[in-house]
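A note on names: the letters A, B, ... follow the listed sequences, proteins ahead of strands, and every chain is numbered from 1.
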Number of protein chains: 2
Amino acid sequence: MKYSYQYPHPSVTVDCVVFTVQNNFLKLMLIQRGAEPFIGEWALPGGFVRIDESIESAASRELKEETGIENIYLEQLYTFGKVDRDPRERVISVAYYALVSSEEQIIAADTDAASAKWFPVDELPRLAFDHKYIIETAYRRLQGKLSYQPIGFELLPPKFALSQLQSLYEIILNKKLDKRNFRKKIQKTGLLADTNETQKGVSHRAAKLYTFNKEKYDILAKNGYYFEI
Amino acid sequence: MKYSYQYPHPSVTVDCVVFTVQNNFLKLMLIQRGAEPFIGEWALPGGFVRIDESIESAASRELKEETGIENIYLEQLYTFGKVDRDPRERVISVAYYALVSSEEQIIAADTDAASAKWFPVDELPRLAFDHKYIIETAYRRLQGKLSYQPIGFELLPPKFALSQLQSLYEIILNKKLDKRNFRKKIQKTGLLADTNETQKGVSHRAAKLYTFNKEKYDILAKNGYYFEI
DNA sequence: ATTGCATAGTGTTTATTTTACACTAAGTTA
DNA sequence: TAACTTAGTGTAAAATAAACACTATGCAAT
């Protein structure tokens with residue numbers, strides 16, 4: 001007990017809600033707790049913010065330590081601070097959400113497979129702490145954000161077909177979209193760059209592959225541009 | 001030094017960015033610091049989160065203590081956690097933003113007038129900590145949110161004229177709007193309820209006064225409705 | 001009482017955006 | 001070569017947004 005203060009201090013943690021799309025399902029990463037409280041139950045990857053690291057660094061670090069995922073789009077979601085959200089002591093948690101592409105998922109396998117797992121968002125197990133509530137908040141935010149910021153690209157491999165992108169939108173927004181209208185709208189943004197490649201190994205007509213023109217988006221975003229689907 | 005921990009704990013504070021519209025200016029409330037660090041400099045109202053109160057309660061409490069403002073729309077903005085943002089020790093700050101109507105401003109006068117003051121957003125003094133950055137974040141959020149959520153009503157007295165509402169939008173979004181189109185759009189939402197009153201004490205034709213139908217908005221919002229200007 | 005002044009209040013036309021909708025093209029497999 | 005699967009494409013109708021200017025009302029000054 002080396003650290004003393006005149007007034008009680010809360011602990012500050014981070015929790016990460018990491019989404020991906022796999023086999024036409026929106027999934028998120030959970031880990032099985034190896035310590036009390038809630039030992040054995042599923043929870044969001046996360047942990048304590050160290051005294052000498054920023055909150056965001058803590059989120060990246062914990063995510064990497066617990067799931068092997070790194071170098072991803074990570075955005076602050078909300079800070080949860082109900083007095084009794086942790087049974088041990090006062091804990092304030094800054095939640096982040098993140099998107100990883102189905103390709104990067106494979107990297108995640110280098111962690112202990114027993115303790116980190118992808119769950120479809122509507123087949124979640126019982127969750128520790130208030131993590132169910134945090135996930136609901138993140139899911140709502142993801143749906144909202146998807147419609148006006150091109151974060152959907154983060155969930156796809158660098159080169160993707162338009163049908164993959166559409167399918168991703170349909171999965172997250174949970175509704176069918178019109179193929180022609182979707183394509184028109186996406187093309188009109190000018191954010192897609194044509195690679196001159198096509199899909200490989202598919203048993204039907206191969207689709208053209210595109211990449212997301214992030215440089216162009218950054219320029220547009222700076223001048224108050226809003227992407228809208 | 002009665003509170004000891006095995007690991008160092010950060011302090012957690014709240015900071016409030018309180019906006020109002022006064023004389024056709026968007027203003028925000030600052031207080032003059034009476035203690036180190038940054039003594040004498042201007043800063044956002046705020047303070048430490050107590051161990052037995054939620055973050056949001058802390059924000060409300062601090063705001064009331066330091067400015068006299070209470071019972072207002074208060075929304076979490078962002079959590080700022082750079083390691084060196086406070087020269088004394090590690091402090092993580094959860095920022096909130098709030099809107100008060102020009103009527104409620106008068107209540108704020110019951111605080112020490114020397115230490116709490118409204119500043120136009122583009123005539124801010126030098127600010128303590130990273131509060132300039134927090135304010136920029138809040139201002140951007142306010143502009144964004146105003147366009148798709150009817151928070152503008154919070155900045156007006158309960159009964160208001162359409163021209164007041166339009167003026168408020170023009171001030172915050174910093175651009176002129178077309179009177180007829182604005183009125184059409186606002187009316188079409190069905191969120192305005194006609195009081196059968198008119199302005200008093202104006203030296204020209206008196207405008208009809210409206211109230212904001214919050215019940216109706218809440219119902220619409222629940223079903224995924226988005227207000228848009 | 002009349003005039004001037006300031007703000008309130010009101011519709012229509014045009015341009016733009018969104019929606020609805022169905023067939024042909026290309027590649028793979030049996 | 002026929003059958004299957006997904007890729008890729010355009011147009012018309014409807015809805016929404018944008019541009020635009022005058023009359024109405026109430027008060028104040030003379």
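Between the side chain of B:H131 and the backbone N or O of B:A43, no donor-acceptor pair lies under 3.5 Å. Side-chain atoms of A:E66 come within 3.5 Å of backbone N or O of A:G46 as a donor-acceptor pair.
Applying the ring-ring contact (aromatic ring centres under 6.0 Å, His included) rule to pairs touching residues 143-172 of chain B yields B:Y148-B:Y226, B:F153-B:F160, B:F153-B:F212, B:Y169-B:F182, sequence neighbours excluded.
Side-chain contact between A:Y217 and A:T189 is absent, with no heavy atoms from C-beta onward closer than 4.5 Å.
B:Q199 places its CD atom 20 Å from the P atom of D:dA24, with the value rounded to the nearest Å. The distance between atom CG of A:L192 and atom P of D:dG8, rounded to the nearest whole Å, is 12 Å. As rounded to whole Å, 18 Å separates atom P of C:dT7 from atom CG of B:L165. One can place CZ of B:F160 at 14 Å from P of C:dA8, the figure rounded to the nearest angstrom. In this structure, B:Y210 atom OH and C:dA8 atom P are separated by 12 Å, rounded to whole Å. Whole-Å rounding puts the A:L177 CG to C:dT19 C1' distance at 12 Å. Rounded to whole angstrom, the span from the CD atom of B:Q187 across to the P atom of C:dA8 amounts to 14 Å. Between the C1' atom of D:dT9 and the CG atom of A:L162 lies a distance of 12 Å, rounded to the nearest Å.
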Under 3.5 Å between N/O atoms: give me all the protein pairs with nucleotides 24-28 of chain C, atom names plus distance.
unit_1: C:dA25; atom_1: N3; unit_2: A:R205; atom_2: NH1; d: 2.9
unit_1: C:dA26; atom_1: O4'; unit_2: A:R205; atom_2: NE; d: 3.4

Identify the pairs formed between an N or O of the protein and an N or O of nucleotides 17-22 of chain D at a distance under 3.5 Å, and give each distance.
unit_1: D:dA18; atom_1: N6; unit_2: B:K184; atom_2: NZ; d: 3.4
unit_1: D:dA19; atom_1: N7; unit_2: B:N181; atom_2: ND2; d: 3.0
unit_1: D:dA19; atom_1: N6; unit_2: B:N181; atom_2: OD1; d: 3.2
unit_1: D:dA19; atom_1: N6; unit_2: B:K184; atom_2: NZ; d: 3.3
unit_1: D:dC20; atom_1: N3; unit_2: B:R180; atom_2: NH2; d: 3.2
unit_1: D:dC20; atom_1: N4; unit_2: B:D178; atom_2: OD2; d: 3.2
unit_1: D:dC20; atom_1: N4; unit_2: B:R180; atom_2: NE; d: 3.4
unit_1: D:dA21; atom_1: N1; unit_2: B:R180; atom_2: NH1; d: 3.3

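With sequence neighbours excluded, the residues satisfying salt bridge (charged side-chain N to carboxylate O under 4.0 Å, His left out) with B:K145 are B:E75. With sequence neighbours left out, A:Y139 forms a side chain to side chain donor-acceptor pair (under 3.5 Å) with A:Q143. In this structure, the salt bridge (charged side-chain N to carboxylate O under 4.0 Å, His left out) partners of A:K214, at least two apart in sequence or on a different chain, are A:D218.
Checking B:W42, B:F80, B:F38 one by one against B:F129, the ring pair (Phe, Tyr, Trp, His ring centres under 6.0 Å) holds for a single residue, B:F38.
Between B:L99 and B:I151, the shortest heavy-atom distance links the atoms CD1-O, 3.5 Å.
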